[in-house]
Chemist: 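Let me give you the structure first, and then I'll get to my questions.
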Amino acid sequence: MVFKKLLAAMGVGGPSVETVLRDQNVRPGMPIYGDVHIMGGDDVCEIIGINVALASRVEVESGDDEYSRTQKYARAQISGPFRLAPQARHTLPFQLPLPWETPLTHMYGRPLYGTDVGLATELEVARAVDATDLDPVAVHPLPAQERLLLAFDRLGFHFRHADCEKGRIWGVHQELPFYQEIEFAPAPQYARGINQLEVTFVAGPHSMEVILELDKRGGLFTEGHDSFGRFTFEYAALEQTDWESRLDGFLQQASRRRGFF
């Protein structure tokens, strides 16, 4: 095991930490399990606490500026204060439940480029700045999310990009201060009116809100604009609905209502 060295207040020679996930593959709403291994440095060290938290890169809009930052969420303490003897070793097991709204990092069994989720391990040492170790987590879709993503694929939509946006969606209950947007290029039957489709899932334990943003293609003398649609997906209806037909009808109706076609 390779330990990651941390810098104590007096310089090199402080404690070391390594986090090992028992399985980095997980779905929203499930716990992730792991062990934090601590090794003492050259001197006695006062540990204030050890925490784990999820972290994702989030896009932030501020006025006319846009920038990205690392957003931590779902933090949990796995140890309070203790004295770490020189060269002493400790192993601390933990489990961290993933929020239902945790962004996806995989789709169709492949990485969802543009979104990342990591597990941050924070070792807070007396008289020293918190040190952080980051380990990647692979977040796979819930069965309902997987079914809708498959339906979009069957309708001819092609994945372009995904990212997380800081903010809240009007009228939708959110636990996290950001949401994920999965962007698709339009299927041929929609391409004359739609430039792109953005899909957002706001999941819960029994259902999820599905928000669709349709970007209208601008013409030679007209500007493009967006149209929003939203519906609730009850997980119990997963196998009882023809989702390809329902999504096609929903998109056609939203497009005609907004004059896209």
Side-chain angles (χ1 to χ4, degrees), residues 3-9 14-38 47-62 65-82 92-106 111-142 145 161-169 172-182 200-205:
F3 282 85
K4 297 181 173 66
K5 290 293 182 182
L6 305 177
L7 300 181
S16 307
V17 63
E18 175 75 6
T19 299
V20 179
L21 300 179
R22 299 178 191 177
D23 187 352
Q24 69 173 177
N25 296 287
V26 72
R27 297 180 190 269
M30 294 175 56
I32 191 164
Y33 299 92
D35 298 280
V36 175
H37 303 276
I38 305 293
I47 304 296
I48 296 175
I50 303 174
N51 305 308
V52 292
L54 296 177
S56 295
R57 188 173 63 254
V58 174
E59 301 296 326
V60 181
E61 290 187 8
S62 178
D65 297 327
E66 184 172 332
Y67 61 93
S68 62
R69 74 178 189 190
T70 298
Q71 174 83 51
K72 292 184 180 179
Y73 52 101
R75 180 180 277 104
Q77 185 180 63
I78 62 173
S79 174
F82 68 95
L92 301 171
F94 69 89
Q95 68 176 55
L96 179 67
L98 267 67
W100 289 98
E101 299 170 23
T102 301
L104 307 179
T105 66
H106 284 68
L112 189 65
Y113 295 108
T115 302
D116 52 23
V117 175
L119 183 78
T121 305
E122 302 167 340
L123 177 62
E124 190 176 358
V125 182
R127 302 182 307 279
V129 177
D130 290 2
T132 300
D133 175 29
L134 195 64
D135 296 276
V137 178
V139 184
H140 298 268
L142 295 166
Q145 295 169 331
H161 182 71
D163 63 11
C164 294
E165 302 281 343
K166 182 175 176 59
R168 297 187 178 274
I169 302 171
V172 176
H173 175 73
Q174 288 176 240
E175 296 291 338
L176 298 183
F178 65 90
Y179 54 91
Q180 183 181 35
E181 290 184 334
I182 303 174
T200 294
F201 300 126
V202 182

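In this chain, residues are counted from 1 in sequence order.
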Chemist: I'd like to know if the side chain of E181 reaches the main chain of E165, judged simply by a donor and an acceptor atom lying under 3.5 Å from each other, with no hydrogens or angles considered.
Modeler: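 No, because the side chain of E181 does not come within donor-acceptor range (under 3.5 Å) of the backbone of E165.
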Chemist: Should the heavy atoms of other residues, nucleotides or ligands under 6.0 Å from OH of Y113 be counted, would the total exceed 12?
Modeler: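 Counting neighbours around OH of Y113, 12 or fewer heavy atoms of other residues, nucleotides or ligands fall under 6.0 Å, so no.
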Chemist: Show your reasoning for whether side-chain contact (heavy atoms from CB on, under 4.5 Å) applies to I182 and L112.
Modeler: CA-CA 9 Å; I182 303 174; L112 189 65; 4.2 Å; yes
Chemist: I'd like to know if the side chain of T105 and the backbone of V139 have a donor-acceptor N/O pair within less than 3.5 Å.
Modeler: yes
Chemist: What is the distance from atom CD1 of I78 to atom CG of L96, rounded to the nearest 0.5 Å?
Modeler: 9.5 Å
Chemist: Does a side-chain heavy-atom distance below 4.5 Å link Y33 with P93?
Modeler: no
Chemist: Going from OG1 on T115 to NE2 on H161, what distance comes out if it is rounded to the nearest 0.5 angstrom?
Modeler: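 So the OG1 of T115 and the NE2 of H161 are separated by 7.0 Å.
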Chemist: Does E101 reach the main-chain N or O of L176 with its side chain, forming a donor-acceptor pair under 3.5 Å?
Modeler: yes
Chemist: Do you know which two heavy atoms are closest between A162 and Q180, and how far apart they sit?
Modeler: CB-NE2, 4.3 Å
Chemist: Can you measure from CG (L119) to CG (L98) and round to the nearest 0.5 angstrom?
Modeler: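 So the gap between those two atoms works out to 9.0 Å.
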Chemist: As an exercise, state the distance from CZ of F201 to OG1 of T102, rounded to the nearest 0.5 Å.
Modeler: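 Going from the CZ atom of F201 to the OG1 atom of T102 covers 14.0 Å.
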Chemist: Taking the side chain as every heavy atom from C-beta outward, state whether P136 and L21 have any atom pair closer than 4.5 Å.
Modeler: no
Chemist: Closest heavy-atom contact between Y179 and R168?
Modeler: CE2-N, 4.2 Å
Chemist: So, taking the atom named CD1 in I32 and the one named CD in Q24, what distance separates them when rounded to the nearest 0.5 Å?
Modeler: 8.0 Å
Chemist: How close do P103 and V117 get, counting heavy atoms only, and between which atoms?
Modeler: O-CG2, 3.7 Å
Chemist: Do the side chain of Q174 and the main chain of I169 share a donor and acceptor less than 3.5 angstrom apart?
Modeler: yes
Chemist: Where do I47 and V125 land on the side-chain contact (heavy atoms from CB on, under 4.5 Å) test, with the steps shown first?
Modeler: CA-CA 5 Å; I47 304 296; V125 182; 4.2 Å; yes
Chemist: For D35 and F94, which heavy atoms make the closest approach, and how far apart are they?
Modeler: N-CE2, 3.6 Å
Chemist: Report the distance from atom CG of L54 to atom NZ of K72, rounding to the nearest 0.5 Å.
Modeler: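 So the gap between those two atoms works out to 11.0 Å.
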Chemist: Return the minimal non-hydrogen interatomic distance between C164 and F178, and the atom names on each side.
Modeler: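 Answer, listing the atom of C164 first, then F178: CB-CD1, 3.9 Å.
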Chemist: Quick one, D163 with R57, criterion side-chain contact (heavy atoms from CB on, under 4.5 Å). Give me CA distance, side-chain angles, the key distance, then yes/no.
Modeler: CA-CA 8 Å; D163 63 11; R57 188 173 63 254; over 6 Å; no
Chemist: For residues V52 and T19, determine if any side-chain heavy atom of one lies less than 4.5 Å from a side-chain heavy atom of the other.
Modeler: no
Chemist: Give me each pair satisfying side-chain hydrogen bond (donor to acceptor under 3.5 Å, both in side chains) with a member in residues 73-82, each pair once, sequence neighbours excluded.
Modeler: S56-Y73, R75-E122
Chemist: Of the non-hydrogen atoms in Q145 and A203, which two are nearest, and what is the gap between them?
Modeler: NE2-CB, 4.0 Å
